[in-house]
Amino acid sequence: MSRLIVVSNRVTQASAGKATGGLAVGVHDALQGSGGMWLGWNGEVSSDDNPNPPSASATHDGIDYCTFPLTHRDYDRYYRGFSNATLWPAFHYRADISRYRREDYEGYLQVNRDFARRLAPMLKPDDVIWVHDYHLLAFGRYCRDMGITNRIGFFLHIPFPAAEVFRTVPPHRELAQAMCAYDLLGFQTQADEHAFTDYCVRFLNASREDHGMSVEGRQVRTGAYPIGIDPDDVARMSRANRTRQVVALKSGLADRKLIISVDRLDYSKGIVERFNAFERLLEHGPGHRGSVSFVQIAPTSRSDVLGYREIRRDLERSAGRINGKWGELAWTPLRYMNRSYERSVLMPLMRASQVGLVTPLRDGMNLVAKEYVAAQPPEDPGVLVLSEFAGAACEMKEGALLVNPYDVEGMALTLDRALRMPLAERAQRHEVLMRRLRAYDLAQWRDSFLADLRNAGQHGAPGGRPALELQAVGL
Ligand code: GDG
C-alpha cells in the first residue's frame with residue numbers, strides 16, 4: 001500500500017493506547033499501517049533571526065514525525081492573524097469580528113508555501129497526502145506549483161460558510177481557486193460541501209459533476225465525511241478510573257441532577273447564551289432551584305488571539321452574577337471551570353450527568369456531543385441537548401433534543417424537558433444515537449476519506465493558470 005503523509009498545522013504525537021482525543025488517534029492507525037509520516041508545526045515559536053528553522057525528524061511507533069518551529073513573525077501573521085483572527089471567525093459566521101490584514105494573508109501564504117517546500121524533498125512518487133484544516137487552504141496549490149503530482153486530499157474540520165459570508169474574506173477567490181488544486185475536498189456535512197460548490201459555481205465558473213466539480217479544466221472531487229469517535233473507547237473510559245475529582249463532585253451533588261458542558265473556551269461555542277438559558281430555567285422553574293447543578297468545563301484556548309480575552313471576561317461575569325443571585329449556602333448552581341481536565345476525568349463526569357448541553361452558535365461537527373452519548377450508561381442514559389448549528393445535528397437529530405442557541409427561552413424549556421424525560425424515552429433515544437455512532441465511527445471516517453482519495457480520478461495535473469493570483473501579493 002502507498003505511504004500516507006499527514007500534513008496539519010500542529011503535530012500531536014499519540015499512540016493508540018494513550019488518552020488523547022480526536023485527530024491524533026484517528027489518523028494514528030492509518031499512519032502506522034502504511035509506515036507513514038506526519039508533518040507540521042511542533043508548537044514552538046523561534047526567533048525571527050533565523051527565518052528558516054530546520055525541520056527535526058523522529059520515529060515513534062513506526063511513524064515518522066517531521067516537525068519544525070514557527071518564527072515569531074510567522075506565528076503572528078499566519079497563526080494568530082489570518083488563520084485565527086480572519087478565517088476562524090468568518091467561517092463560523094462571525095464576519096463582524098473577522099479582521100483582515102494584508103500582511104497576515106501574505107504570512108499565511110508564505111507559511112503554506114514553506115510547508116510544501118519542506119515536504120517536497122521527502123516525497124516518494126506514490127505517496128498519498130492528507131492535509132487538515134483551515135490553516136492550510138493554499139498548501140495544495142503550492143505543491144502543484146512545485147511540480148508535485150501525488151494525490152492530495154484536504155479535510156476541513158470547521159464549517160464552510162455560505163458564499164455571501166465567505167465573500168467577506170477579501171482574498172476569497174484566490175483561496176477557493178487554491179483549494180481546487182486538491183484532488184479531494186472533504187467537509188463535515190453536505191451543507192458545508194454544498195456551500196463550497198455553490199461558491200465555486202457562482203464565482204469560479206465551475207460546473208457540477210457526479211462526485212464534485214470541474215474547475216478550470218480540472219476535476220475536483222468533493223464529499224461529506226462526518227468525523228466520528230471511537231464509542232467503545234469512550235464508554236470504557238467513562239466506566240473506569242473513578243478519580244478523586246469525580247467522586248468528590250458526586251458526593252457534593254447528593255441527589256441533585258447534573259447538567260454538563262465541555263468546550264474549548266471559544267466565542268463560537270455559545271457559552272454565554274447557554275449560561276443565560278440555565279438562569280432562565282432557574283427563574284421560571286422553581287422546582288429546579290436547589291435540585292440541579294450545571295458544570296461548565298472550558299479550558300482556555302488561543303488566549304492571545306483577538307476576541308478570546310473578551311469571552312473569558314464575559315463568562316466570569318455571567319457565572320458570578322448567576323451564582324450571586326441564585327446560589328445558597330448548600331448549593332452552587334453553576335460551576336464554571338476555566339481549566340482543562342484529563343479525559344479520564346471528563347468521560348466519567350459525562351457519564352454522571354443527566355443532561356449533556358452542547359449549544360454552539362456554529363460548529364464543524366462537535367465531538368463532545370458524540371462523546372457525551374457514548375459515555376452514558378445504556379440502562380439509565382442522560383439526554384443530549386444539541387444546537388441545530390453543530391454539524392453533529394445532521395446525524396443526531398433523531399435522538400437528541402435540538403435547540404436554537406439564539407433562543408434562550410427555548411433552550412430553558414428544552415432543558416426542563418430533558419431533566420424530566422422518562423427512562424423509556426431516554427433509553428430509546430440513546431439506542432438510536434448509539435447505532436449511528438457505531439456505524440459512523442472514527443475509523444469509518446478515516447477509511448472512507450482515504451478510499452475516496454486513493455480513487456480520486458485525475459490527479460497531479462496542475463490547473464490552468466500557474467500559481468494563480470497568489471502571486472498578486474508578491475510571493
Ligand atoms: C474542531 C472543530 C470538530 C475539551 N476539553 C477538554 C478536552 N476536550 C476535548 C473534547 C473533544 C475535543 O476536545 C473538542 O472537540 P470539538 O469537536 O468539540 O471542538 P474543536 O476543538 O473546536 O474541534 C469541531 C473537530 O475539530 C473535529 O473535526 O468537531 O467542529 O471546531 O474531544 O472532549 N480534552 C481534555 N481536557 C479538556 O479539558 N483532555
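Start at 1 with the first residue, then count along the sequence. It should be emphasised that the depicted structure is a prediction, and the values quoted were computed from it without experimental measurement.
Side chains of Y308 and D266: a donor-acceptor N/O pair is present below 3.5 angstrom, by distance only. With hydrogens and angles left out, the side-chain atoms of D263 and Q296 include a donor and acceptor closer than 3.5 Å.
Within 6.0 Å of CD on E398 lie no more than 12 heavy atoms contributed by other residues, nucleotides or ligands. At most 12 non-hydrogen atoms from other residues, nucleotides or ligands lie less than 6.0 angstrom from CZ of R73. For R309, the CZ atom is loosely surrounded, since the number of other residues' heavy atoms within 6.0 Å does not exceed 12. Enclosure of atom CD in Q190 is not indicated, since only 12 or fewer non-hydrogen atoms of other residues, nucleotides or ligands lie within 6.0 angstrom.
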Apply the test side chain to side chain contact (heavy atoms under 4.5 Å, CB included) to residues V403 and L413: give CA-CA distance (whole Å), side-chain angles for both, the deciding distance (0.1 Å), then the verdict. CA-CA 10 Å; V403 291; L413 288 169; over 6 Å; no
Could you walk me through whether W130 and R446 satisfy the side chain to side chain contact (heavy atoms under 4.5 Å, CB included) test, starting with their C-alpha distance in whole Å, then the side-chain angles of each, then the deciding distance to 0.1 Å, before giving a yes or no? CA-CA 10 Å; W130 188 6; R446 175 194 69 212; 3.9 Å; yes
Side chain to side chain contact (heavy atoms under 4.5 Å, CB included) between Y440 and I227: does it pass, once the steps are laid out? CA-CA 8 Å; Y440 292 87; I227 192 168; over 6 Å; no
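A cation-pi arrangement is absent between R343 and Y341, since the terminal nitrogen or guanidinium carbon is not both under 6.0 Å from the aromatic centre and inside a 45° cone about the axis. Cation-pi check for R77 over Y75 is not met; the charged atom does not lie both under 6.0 angstrom from the ring centroid and within 45 degrees of its normal. A cation-pi arrangement is absent between R321 and W326 under the rule of less than 6.0 angstrom and at most 45 degrees off the ring axis.
Counting only distance, with no hydrogens or angles, the side chain of S353 and the backbone of V355 share no donor-acceptor pair below 3.5 Å. Judged purely by atom type and a 3.5 angstrom limit, T67 has no side-chain atom pairing as donor or acceptor with the backbone of G40. One N or O on the side chain of N112 and one on the backbone of H135 form a donor-acceptor pair closer than 3.5 Å.
The aromatic rings of Y105 and Y100 sit tilted relative to each other, their planes meeting at an angle between 30° and 60°. Taking the six-membered ring where the residue is Trp, F294 and F275 present perpendicular rings, their angle passing 60° and hence far from 30°.
For the ring pair (Phe, Tyr, Trp, His ring centres under 6.0 Å) with Y134, the qualifying choice from Y79, W88, F91 is W88, the only one to do so.
The nearest pair of heavy atoms linking S238 to M347 is CB-O, 3.5 Å.
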